[in-house]
Participant: 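The structure that follows is given in the form of structure tokens.
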Amino acid sequence: MKKYSALLLFVILFTVFSAKAQSRWVEDSQMKFKISIPANYQTNQFWDGSDKIHAFVSPDQNVAVRVRSIPVPANATVDLIVQAFSQNIIKGAQQLVNQAHTLNGLSGKLAAYKWKYNNINVVIGAFYTIENGIAYVVWTMVPENLLGKRSAESDAITNSFTVLADNAQTSTSTQTGGLGSLGEISNSQTTADIPVNIRITDLSIGTEATADAQIPNPQSTIDPLTEKVHLVFGYSGNAKGKTFIVKWFNETTNASLGDSPYFPADAPSGRGYASLNNPGNLWPEGRYRAEVWLNDQMQDQAWFDVASTGYSDFSNTSDIVSSVPDGYFELVSDDACIEHLAPSGYQVTGSKPGQSIWGDGSGLNMVQQVIIKQTGFDTFMSEHLDEIKNKGAEIIGSSSMDVNGLPVYQYLYKYGNSIFVYLSTENNNVFYLLGFAGNVSNEERAIVFSNTIINSFKKADCPF
């Protein structure tokens with residue numbers, strides 16, 4: 001079943017957060033600390049390898065506070081924490097102050113830096129301490145021109161940082177990544193030398209894939225009439241900010257068939273997805289290979305054969321495998337003359353000129369947007385991403401690829417507690433964007449949808 005929508009102009013959505021005057025305690029029983037945060041601040045927490053990070057941002061995005069908790073071995077020192085943080089997290093910052101300091105009974109170091117973040121001159125204040133096997137970096141970032149007005153606000157937050165009294169038996173992590181295992185780094189090393197502990201746990205290929213990146217019936221032999229081959233893989237370790245690349249090859253002809261990027265969610269583990277299309281054509285019979293790459297290194301690979309299974313007869317259309325996987329339907333934008341998959345259950349919940357919003361009641365919205373073409377696609381995307389960053393959002397990842405003859409960009413960004421995962425292309429003299437927007441808790445689901453849909457983009461037979 002195909003659904004159609006008509007759009008004319010392009011609008012960018014950002015979440016508006018209401019202001020409140022109260023403060024509240026944020027407590028982490030795992031990392032054994034608490035900190036008092038204004039109630040109107042946006043909050044988030046995530047993992048960077050073995051490091052746990054709490055992030056807090058003021059409603060106007062001008063005050064940012066973070067607490068990085070790092071399980072460390074017994075030989076770790078505060079000076080090593082200072083060195084690794086400045087060399088890895090705030091690389092290129094100019095140190096202004098570095099002195100001994102005591103905060104709420106915690107002995108450590110207090111440092112200040114000047115830095116350029118998103119082309120804005122900022123001032124950073126950081127307190128470093130180690131308590132019972134956990135290193136803490138409590139740091140703030142404020143634009144330099146607002147320091148006089150906002151420093152008291154940021155100081156009040158950091159001054160409330162307290163380690164909980166029952167933190168005596170915290171175990172030491174053996175994971176790497178982030179700033180973890182600092183005590184094992186010599187003075188000549190930096191955290192850039194630490195390998196990220198990401199491992200492929202399973203890998204499957206088949207002609208059908210579910211929305212949660214599973215292959216119901218893994219196959220090693222694919223019929224030549226199959227329109228799409230799916231690959232899914234599981235992985236352990238937080239791969240936030242990195243990109244998995246699935247490389248496809250025809251081994252029989254020694255030909256590369258293209259690459260499929262996958263942007264991982266911010267989570268300790270996850271599942272990845274890629275697919276290879278050959279709509280309306282017979283696959284050449286032979287041996288094929290798919291490789292999963294990360295950090296310019298191959299992590300795993302799998303093979304499949306294309307061979308007739310007894311129903312490769314174009315005259316028998318009832319035997320042709322459908323290109324629409326379970327959990328999706330075909331959606332057509334007649335303005336852009338673009339056809340692609342969309343998740344089942346989504347219905348239009350709101351619209352305005354140039355924009356349609358779809359929902360399924362989960363809180364993760366699907367957004368269609370169209371803008372009349374005024375410039376080249378690459379120029380448009382460059383200006384679009386710059387505008388997103390200038391509005392205070394964090395670009396997590398972006399990639400471009402050719403899909404069925406269409407140039408397609410995929411990009412992810414965060415704005416406060418909201419995640420945005422978008423696909424964009426050009427056709428019919430317009431730019432077409434399809435995105436998923438919602439709370440960061442929906443990040444993995446949004447990425448799965450996006451990575452499923454990207455390979456289905458193609459030009460449509462427009463109704464007019």
Side-chain angles (χ1 to χ4, degrees), residues 12 14-17 19-21 23 26 35-46 48 51 53-68 78-79 81-104 108-129 136-161 178-179 190-192 241 382-383 385-396 413-418:
I12 298 177
F14 281 99
T15 305
V16 178
F17 296 85
K20 298 180 182 179
S23 292
V26 173
I35 189 169
S36 181
I37 302 297
N40 61 343
Y41 269 48
Q42 304 158 28
T43 66
N44 190 16
Q45 58 178 292
F46 52 91
D48 182 8
D51 305 0
I53 299 167
H54 287 258
F56 313 103
V57 184
S58 65
D60 62 4
Q61 308 292 307
N62 284 321
V63 178
V65 179
R66 288 197 173 192
V67 179
R68 179 180 283 260
V78 172
D79 286 337
I81 302 288
V82 175
Q83 174 189 347
F85 183 79
S86 61
Q87 290 178 346
N88 190 63
I89 305 302
I90 54 172
K91 187 176 182 179
Q94 175 191 356
Q95 183 173 282
L96 304 175
V97 176
N98 183 8
Q99 62 188 34
H101 186 72
T102 300
L103 176 64
N104 295 326
K109 291 289 184 73
L110 182 66
Y113 310 85
K114 281 188 176 182
W115 196 36
K116 186 175 285 290
Y117 177 77
N118 283 343
N119 293 319
I120 299 173
N121 293 323
V122 298
V123 175
I124 291 174
F127 174 69
Y128 307 88
T129 189
Y136 300 98
V137 183
V138 186
W139 60 292
T140 66
M141 184 168 64
V142 179
E144 187 175 3
N145 63 336
L146 296 177
L147 186 63
K149 296 181 179 179
R150 307 300 291 272
S151 61
E153 178 182 342
S154 63
D155 289 348
I157 299 171
T158 55
N159 288 341
S160 70
F161 177 81
L179 298 182
T190 70
T191 56
S382 177
E383 293 175 349
L385 293 176
D386 285 343
E387 183 177 4
I388 290 172
K389 288 187 287 187
N390 290 337
K391 289 182 179 293
E394 175 190 2
I395 304 291
I396 300 173
Y413 62 95
K414 283 185 179 179
Y415 186 81
N417 286 336
S418 298

Participant: In Å, rounded to the nearest 0.5 Å, how long is the span from CD of E153 to OG1 of T140?
Facilitator: 10.5 Å
Participant: Does the ring centre of F161 sit less than 6.0 Å away from the ring centre of Y136?
Facilitator: yes
Participant: Measure the spacing between CD1 of I120 and CG of N62 and express it to the nearest 0.5 Å.
Facilitator: 8.0 Å
Participant: Under 6.0 Å from the NZ atom of K114, do we count more than 12 heavy atoms belonging to anything else shown?
Facilitator: no
Participant: In Å, rounded to the nearest 0.5 Å, how long is the span from OG of S151 to CG of L146?
Facilitator: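 Going from OG on S151 over to CG on L146, the span is 10.5 Å.
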Participant: NZ of K116 to CD of E144: how many Å apart, nearest 0.5 Å?
Facilitator: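 Going from NZ on K116 over to CD on E144, the span is 9.0 Å.
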Participant: When you measure from the side chain of S160 to the backbone N and O of S36, does any donor-acceptor pair fall under 3.5 Å?
Facilitator: yes
Participant: Before giving the answer on side-chain contact (heavy atoms from CB on, under 4.5 Å), spell out for D79 and K109 the whole-Å C-alpha distance, their side-chain angles and the decisive distance to 0.1 Å.
Facilitator: CA-CA 8 Å; D79 286 337; K109 291 289 184 73; 2.6 Å; yes
Participant: How many angstroms lie between atom CG of L103 and atom OH of Y128, to the nearest 0.5 angstrom?
Facilitator: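 It is 14.0 Å, given to the nearest 0.5 Å.
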Participant: I need the minimum non-hydrogen distance between P38 and I157, along with the two atoms involved.
Facilitator: CD-CD1, 3.7 Å
Participant: Looking only at heavy atoms, which two atoms of R66 and A55 are closest? And how far apart?
Facilitator: NE-CB, 3.7 Å
Participant: Checking the side chain of N417 only, and the main-chain atoms of T43 only, is there a donor and an acceptor separated by less than 3.5 Å?
Facilitator: yes
Participant: Tell me, with the steps shown, if W139 and F85 meet ring-ring contact (aromatic ring centres under 6.0 Å, His included).
Facilitator: CA-CA 11 Å; W139 60 292; F85 183 79; 5.3 Å; yes
Participant: Would you check, one step at a time, whether the test side-chain contact (heavy atoms from CB on, under 4.5 Å) holds for Q61 with Y415?
Facilitator: CA-CA 10 Å; Q61 308 292 307; Y415 186 81; 4.1 Å; yes
Participant: Between the side chains of D155 and R150, is the shortest nitrogen-to-carboxylate-oxygen separation below 4.0 Å, so that they form an ion pair?
Facilitator: no
